[in-house]
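Some notes on the structure that comes next.
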Number of protein chains: 2
Amino acid sequence: MDDAQAGTTGLRERKRAQTRRAIVDAALARFTEQGFSPTTVEQIAADAGIAPRTFFHYFPSKEDVVLADHDGRLARLREVLARRPADEAPLAAVRAALLEVADDYLEERDRLLVAARIMAGAPTVLARSLERQTHWEEAIAEVVAVRLGVDVVRDVRPRLVAAVTLAAMRVTQRAWLAAGGTDDLPERMADALDLLERGLGSIADQPV
Amino acid sequence: MDDAQAGTTGLRERKRAQTRRAIVDAALARFTEQGFSPTTVEQIAADAGIAPRTFFHYFPSKEDVVLADHDGRLARLREVLARRPADEAPLAAVRAALLEVADDYLEERDRLLVAARIMAGAPTVLARSLERQTHWEEAIAEVVAVRLGVDVVRDVRPRLVAAVTLAAMRVTQRAWLAAGGTDDLPERMADALDLLERGLGSIADQPV
DNA sequence: CTGCAAGATTGCAGTCACTGCAAGTTTCCG
DNA sequence: CGGAAACTTGCAGTGACTGCAATCTTGCAG
């Protein structure tokens with residue numbers, strides 16, 4: 001009732017969310033201070049006020065704590081994609097959805113910056129992150145396939161579009177974070193998507 | 001002298017290559033038969049006729065055995081990229097290099113198929129593979145930056161081009177393997193690269 | 001409000017990947 | 001031939017992660 005989420009928020013649910021947040025906060029603090037690899041689950045658990053064993057009831061691995069928001073964002077992407085008008089062109093739908101989701105990123109800038117810094121020094125976290133991005137690819141590919149009226153398995157184009165656009169988004173976000181995340185992310189992404197639609201052949205034309 | 005590689009092939013070097021191959025063969029066999037995760041390093045070592053500890057003198061992790069050829073291929077890519085004429089346009093150089101490297105893939109089809117099958121059931125291997133692909137990105141981005149006369153750090157375009165083209169290559173290769181790897185991979189890749197150069201706006205035009 | 005079912009926490013014991021170290025062995029090369 | 005350098009191996013240890021079973025908490029029906 002007083003919470004932001006859906007209607008029913010029982011004690012149980014609230015407590016769980018609270019513990020989860022405690023774990024994430026504790027973990028990110030440790031990772032930032034002493035690095036990812038040297039930090040043990042035991043330490044994180046202690047900081048979060050739980051037993052080590054309990055940690056694994058919340059996250060399947062240490063790396064997943066850094067990517068805690070991933071599932072939520074994927075759900076959001078699917079949701080936004082589904083809400084797009086049916087007569088919209090495939091690329092336009094994907095573009096609009098990605099830009100809409102990018103808006104959320106602006107508010108999470110600080111959290112993203114922290115995650116990016118951790119990832120820079122922890123290859124396994126980056127690896128996991130990239131692997132998760134394939135779920136985004138899948139979501140986008142399906143939408144493109146439907147709108148293109150083809151089968152995802154038989155026609156390469158849906159996956160091609162999905163992979164390519166997401167790669168562009170990834171690089172753009174990375175550059176945005178590297179620049180401090182102060183400027184307009186959606187605008188950067190729009191530029192990148194423009195380039196893709198227009199074709200890489202025009203790469204030398206203007207300095208983005 | 002009798003080996004394919006460079007001039008001097010001492011006993012040491014030859015033996016090392018032989019052991020390495022034994023490990024890869026043993027590992028891939030096990031992974032295929034009983035799955036990646038259930039296979040232990042101990043088993044692989046036993047099959048390859050070495051001590052478990054020695055395994056880690058050859059590969060830093062279990063997943064890396066599946067991607068054993070990665071380093072060599074990356075070196076090959078750099079090499080091919082470096083050999084491209086200096087006056088060639090950035091995209092043309094990258095395109096030519098990727099197509100050239102794709103030729104090698106044809107001969108390694110069987111090995112690639114095995115690796116792909118293992119990866120399909122082992123997320124951590126896929127993760128590692130994607131992470132390694134960032135090294136390819138780096139290599140390509142640098143070349144594009146030089147040919148574009150810009151700085152890799154300040155201008156997003158080099159990384160953008162690199163990430164996008166590699167994403168396309170990845171999806172194309174995947175589709176090729178899924179189809180059994182019998183048809184012409186370079187042709188598939190050329191088609192994908194054409195699409196990128198022409199722009200995704202033309203996605204609905206022809207069925208690739 | 002009471003009691004039971006479902007869910008959550010925890011400890012325990014165990015497996016396995018991976019590491020540093022040091023001792024022993026093999027290859028290289030002058 | 002003899003020592004330097006590289007390779008192999010065993011040992012001991014750390015730490016992520018899992019299954020199991022006991023215990024406790026919350027939700028809900030009566």
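Below, chains carry the letters A, B, ... as their sequence lines are ordered, and counting in each starts from 1.
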Problem set entry | salt bridge (Lys or Arg N to Asp or Glu O under 4.0 Å), paired with D71(B), selected from R76(B), R132(B), R20(B) | R132(B)
Exercise. From I140(A) CD1 over to Q133(A) CD, what is the distance, rounded to the nearest 0.5 angstrom?
Worked result: 9.0 Å
Exercise. Taking the side chain of R16(A) as its heavy atoms from C-beta onward, which of dT9(C), dC17(D), dT26(D) lies nearest to it?
Worked result: dT9(C)
For this session: Can you tell me the distance, in whole Å, between the CZ atom of R30(B) and the P atom of dC16(C)?
Result: 13 Å
Exercise. From the list dC7(D), dT9(D), dT10(C), which nucleotide is the closest neighbour of the side chain of H57(A)?
Worked result: dT10(C)
For this session: Just call it for Y58(A): base, sugar-phosphate, or nothing, with non-hydrogen atoms closer than 4.0 Å on any strand.
Result: sugar-phosphate
Problem set entry | F59(A) or R12(B), whichever maps to the more 5' nucleotide of DNA chain D | R12(B)
Exercise. In residues 36-56 of chain A, what residues come within less than 4.0 Å of DNA chain C, judged by heavy atoms?
Worked result: I50(A), A51(A), R53(A), T54(A)
For this session: Rounded off to whole Å, could you give me the CZ-to-P distance for the R128(A) and dA16(D) pair?
Result: 15 Å
Exercise. Would you find a donor on one side and an acceptor on the other, under 3.5 Å apart, between the side chain of R128(A) and the backbone of D64(A)?
Worked result: no
For this session: Could you walk me through whether F36(A) and V66(A) pass the side chain to side chain contact (heavy atoms under 4.5 Å, CB included) test, one step at a time?
Result: CA-CA 10 Å; F36(A) 178 81; V66(A) 185; 4.3 Å; yes
For this session: In whole angstrom, give the distance that lies between atom CG of D64(A) and atom C1' of dT18(D).
Result: 16 Å
For this session: Using Watson-Crick or G-U wobble geometry with both distances below 3.5 Å, tell me the partner of dA23(C), or none.
Result: dT8(D)
For this session: Round to the nearest Å and state the distance from E13(A) atom CD to dG27(D) atom C1'.
Result: 12 Å
Exercise. Does the distance from a Lys or Arg side-chain N to an Asp or Glu carboxylate O, for R95(B) and D194(B), drop under 4.0 Å?
Worked result: yes
Exercise. Is the cationic atom of R117(B) (NZ for Lys, CZ for Arg) positioned less than 6.0 Å from the six-membered ring centroid of F31(B) and within 45 degrees of its normal?
Worked result: no
Exercise. Charged N to carboxylate O below 4.0 Å: is that the case for R73(B) and D104(B)?
Worked result: no
Seminar exercise, completed: To the nearest angstrom, the CD1-C1' distance between I23(A) and dA8(C) comes to 12 Å
For this session: Would you kindly give the NZ-to-P distance between K62(B) and dA16(D), to the nearest whole Å?
Result: 18 Å
Exercise. Distance check: side-chain N/O of K15(A) vs OP1/OP2 of dT26(D), anything under 4.0 Å?
Worked result: yes
